[in-house]
S.K.: 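Sending over a structure as structure tokens; questions will come in a sec.
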There are 2 protein chains.
Amino acid sequence: MSVPHLSESTEMYLKAMVELSGTEAVMIGRLAERLNVTPVSANEMVRRLGEQGLVSHKPYKGVTLTEKGNEVACNVIRRQRLWECFLYDHLKIEWSQVYEFACSLEHATAPQVTEALANFLGNPQTCPRGNPIPDKNGSFIPLDGILLSEAKVGDTVTILAVNATATDVLKYLQEKNILPGQKMTVLEAAPLQGPLMLKVGSKEVALGLSLAEFVIVKSNR
Amino acid sequence: MSVPHLSESTEMYLKAMVELSGTEAVMIGRLAERLNVTPVSANEMVRRLGEQGLVSHKPYKGVTLTEKGNEVACNVIRRQRLWECFLYDHLKIEWSQVYEFACSLEHATAPQVTEALANFLGNPQTCPRGNPIPDKNGSFIPLDGILLSEAKVGDTVTILAVNATATDVLKYLQEKNILPGQKMTVLEAAPLQGPLMLKVGSKEVALGLSLAEFVIVKSNR
DNA sequence: TGGAATAATAAGGTCAACCATAACATTTGG
DNA sequence: CCAAATGTTATGGTTGACCTTATTATTCCA
Ligand SMILES: [Mn+2]
Ligand SMILES: [Mn+2]
Ligand SMILES: [Mn+2]
Ligand SMILES: [Mn+2]
């Protein structure tokens, strides 16, 4: 009847593809990096995913999700983000740890449990990191924002979402108060990939550019 | 630092040992049966578990959990039963399906999540099937009851727990109202391993002996 | 007490998901 | 436009957790 249960590894590859680029092609190197495997391993895995019709790989051009692969990926993301809500809102787990714990649970969650959980939570629209939660069919409204790293000096922005997944990165951002809903002003952008100087609340914060790439913001007017 | 994460398979072998016999030795054949693998496979796995110091195997005498193995097993059971509570009480999942869904989640649950969940649930003492939930240290008070299959004709008993794990068995028992808390009377025990005739509420129910072995009861007075 | 049932061991496979090393292909920026 | 960086493919390994078939050992009860 249903899908013969995809492995955790399979689900993580598909999810990583969406997290890395939405619907764009992803280079195997990026995938490998994200998943902490060698490029050769990622290549092999992509071949297997291709054989299952989940991705299509154009050599030297990157990997893209098929319709089917995208559906699976969005479903994993739905489970992931629903668990994030539960862990944060009900179990009172640390904001910075919620992603990693949810990332285990997501692979152990049957469709019936997913839907019962969504219902229990009141069908939330966003996770604690600010990202939209796909609906049962996998569709969701992408955030209408820009990367903080692309904001202009002088801009005052509101954080829509934090896209980091590594616990240490999340912890660092949490400490600096870089959280969804937070307003801040870009005071200065240092040259040579230098840090952004931000005014967050009453504090000045220096944020490395690559960290700023994890932050999705909306310009205020 | 902590244990290097035991595989799902490892956790299931250890849990099965407790479920099958508490602290008694388990024959590899029973283990194999329960886990749906061949005896040869169970043997190999038991060897690996032995190498990790989780069990000790006396050929022809059965397998027993070491101290360490028992601790792990009880911890898995704790996670399992806490999830059963959550799924049943909060997500309103079917009683008969709760075990199988919890049996996936149990392997994906970090200690921090386990404790936060216990707290959220109000540190329940029993799961929906009536079994005690081990505390953080793995200790729990075993049920003080007998198998329904050993009850005498004429006995009136109260169901303490249902130890079945297969969803179809649980569904069958649920349909017959064989549930924790239920009172019933043993009307007749057919010869030659024949079924027990029970008076459950206002209904008469015929229950096969091997099914009755899943039911733990307490004689009323 | 001897044979059937059960258990254990041996031997040889499979499969998914990783690894390393090496050779080769393509892209791309300086 | 060419060389370095990146990506791909080929080979050959490993590990855990399964499998089958065959042989041997033990138990235990009729
Ligand atoms: Mn995950
Ligand atoms: Mn399980
Ligand atoms: Mn072998
Ligand atoms: Mn090979």
Side-chain angles (χ1 to χ4, degrees), chain A residues 3-17 20-21 24-65 69 72-73 76 103-104 106-108 192-193 210, chain B residues 3-17 20-21 24-64 69 72-73 76 103-104 106-108 192-193:
Chain A
V3 190
H5 185 60
L6 301 167
S7 70
E8 170 161 348
S9 191
T10 295
E11 290 191 340
M12 287 305 285
Y13 272 81
L14 301 179
K15 188 179 81 161
M17 289 184 59
L20 284 171
S21 79
E24 311 280 291
V26 189
M27 287 318 245
I28 281 184
R30 313 291 102 247
L31 250 189
E33 218 172 75
R34 165 65 72 107
L35 295 165
N36 257 291
V37 297
T38 63
V40 177
S41 295
N43 231 290
E44 287 171 8
M45 186 65 180
V46 162
R47 186 186 38 73
R48 280 190 294 266
L49 296 175
E51 284 163 1
Q52 295 173 261
L54 295 166
V55 303
S56 108
H57 179 204
K58 300 237 176 69
Y60 301 101
K61 300 297 173 189
V63 195
T64 47
L65 289 164
V72 173
V76 178
C103 188
S104 295
E106 65 191 356
H107 312 290
L192 293 169
Q193 323 276 33
S210 49
Chain B
V3 190
H5 185 59
L6 302 168
S7 70
E8 171 160 348
S9 191
T10 294
E11 290 191 340
M12 286 306 284
Y13 272 81
L14 301 179
K15 188 179 81 161
M17 288 184 60
L20 283 171
S21 79
E24 311 280 292
V26 189
M27 287 318 242
I28 281 186
R30 313 287 103 248
L31 252 188
E33 217 172 74
R34 164 66 73 108
L35 295 165
N36 257 291
V37 296
T38 63
V40 177
S41 296
N43 231 291
E44 286 172 8
M45 187 63 181
V46 163
R47 185 186 39 70
R48 281 189 292 267
L49 295 175
E51 283 162 3
Q52 295 173 260
L54 295 167
V55 303
S56 108
H57 179 205
K58 300 235 176 69
Y60 301 101
K61 299 298 173 189
V63 195
T64 47
V72 173
V76 178
C103 188
S104 296
E106 66 191 355
H107 312 290
L192 293 170
Q193 322 276 33

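Per chain, numbering begins at 1; letters A, B, ... match sequence-line order.
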S.K.: Only counting residues at least two apart or in another chain, list the ones meeting salt bridge (charged side-chain N to carboxylate O under 4.0 Å, His left out) with E51(A).
M.R.: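 Listed in chain order: R47(A).
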S.K.: Going 5' to 3' through nucleotides 25-30 of chain C, assign each nucleotide B (protein heavy atom under 4.0 Å from a base atom), S (under 4.0 Å only from sugar-phosphate atoms) or - (no protein heavy atom that close).
M.R.: BSS---
S.K.: Considering residues at least two apart in sequence or located in another chain, which fulfil the salt bridge (charged side-chain N to carboxylate O under 4.0 Å, His left out) criterion with E44(B)?
M.R.: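 Per chain and number, E44(B) pairs via salt bridge (charged side-chain N to carboxylate O under 4.0 Å, His left out) with no residue.
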S.K.: Taking only distance into account, with no hydrogens and no angle test, what donor-acceptor pairs under 3.5 Å do side-chain atoms of residues 29-38 of chain B form with protein atoms, sequence neighbours excluded?
M.R.:
unit_1 : atom_1 : unit_2 : atom_2 : d
R30(B) : NH1    : E33(B) : OE1    : 2.9
R30(B) : NH1    : E33(B) : OE2    : 2.7
R34(B) : NH1    : E19(B) : OE1    : 2.7
T38(B) : OG1    : S41(B) : N      : 3.1
T38(B) : OG1    : S41(B) : OG     : 3.0

S.K.: What integer distance in Å separates I28(A):CD1 from dA17(C):P?
M.R.: 15 Å
S.K.: Rounded to the Å, how far apart are L49(A) CG and dC18(C) P?
M.R.: 10 Å
S.K.: So if I take residues 38-45 of chain B and measure heavy-atom distances to DNA chain D, which residues fall below 4.0 Å?
M.R.: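 Contacting residues: T38(B), V40(B), S41(B), E44(B), M45(B).
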S.K.: Over how many whole Å does the gap from L35(B) atom CG to dC19(D) atom C1' extend?
M.R.: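 It works out to 16 Å between those atoms.
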S.K.: List the residues meeting salt bridge (charged side-chain N to carboxylate O under 4.0 Å, His left out) with E8(B), not counting sequence neighbours, and say none if there are none.
M.R.: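 Testing E8(B) for salt bridge (charged side-chain N to carboxylate O under 4.0 Å, His left out), a comparison that skips the adjacent residues, returns none.
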S.K.: Quick one: M27(A) CE to dT6(D) C1', roughly how many Å, whole number?
M.R.: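 These atoms are roughly 7 Å apart.
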S.K.: So does S9(B) get a side-chain nitrogen or oxygen closer than 4.0 Å to the phosphate oxygens (OP1/OP2) of dC18(D)?
M.R.: yes
S.K.: Would you kindly give the CD-to-P distance between E8(B) and dA17(D), to the nearest whole Å?
M.R.: 11 Å
S.K.: Would you mind reading off the distance between Q52(A) atom CD and dC15(C) atom P, rounded to a whole angstrom?
M.R.: 14 Å
S.K.: List the residues meeting side chain to side chain contact (heavy atoms under 4.5 Å, CB included) with S7(A), not counting sequence neighbours, and say none if there are none.
M.R.: S9(A), T10(A)
S.K.: Please report, rounded to the nearest Å, how far the P atom of dC18(D) is from the CG atom of N36(B).
M.R.: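 One finds 11 Å between P of dC18(D) and CG of N36(B), rounded.
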S.K.: So, OP1 or OP2 of dA17(C): does either fall under 4.0 Å of a side-chain N or O from R48(A)?
M.R.: yes
S.K.: Rounded to the nearest Å, what distance is computed from the CD atom of residue E33(B) to the C1' atom of nucleotide dA7(C)?
M.R.: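 Going from CD in E33(B) over to C1' in dA7(C) covers 14 Å.
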S.K.: Got a sec, which residues hit side chain to side chain donor-acceptor pair (under 3.5 Å) with H57(A), two or more places apart in sequence or on another chain?
M.R.: none
S.K.: Can you name the closest pair of heavy atoms from I28(A) and P39(A) and give their distance?
M.R.: CG2-O, 3.8 Å
S.K.: Using every non-hydrogen atom in the two residues, find where L14(A) and G69(A) come nearest and quote the distance to one decimal.
M.R.: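 That would be CD1-O, 4.1 Å.
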S.K.: If the cut-off is 4.0 Å, is H57(B) near the phosphate of dA8(C), judged by side-chain N/O to OP1 or OP2?
M.R.: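 So the side-chain polar atoms of H57(B) do come within 4.0 Å of the phosphate oxygens OP1 or OP2 of dA8(C), strictly under.
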S.K.: To the nearest 0.5 Å, tell me how far R48(A) CZ sits from L54(A) CG.
M.R.: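 These two atoms lie 12.5 Å from each other.
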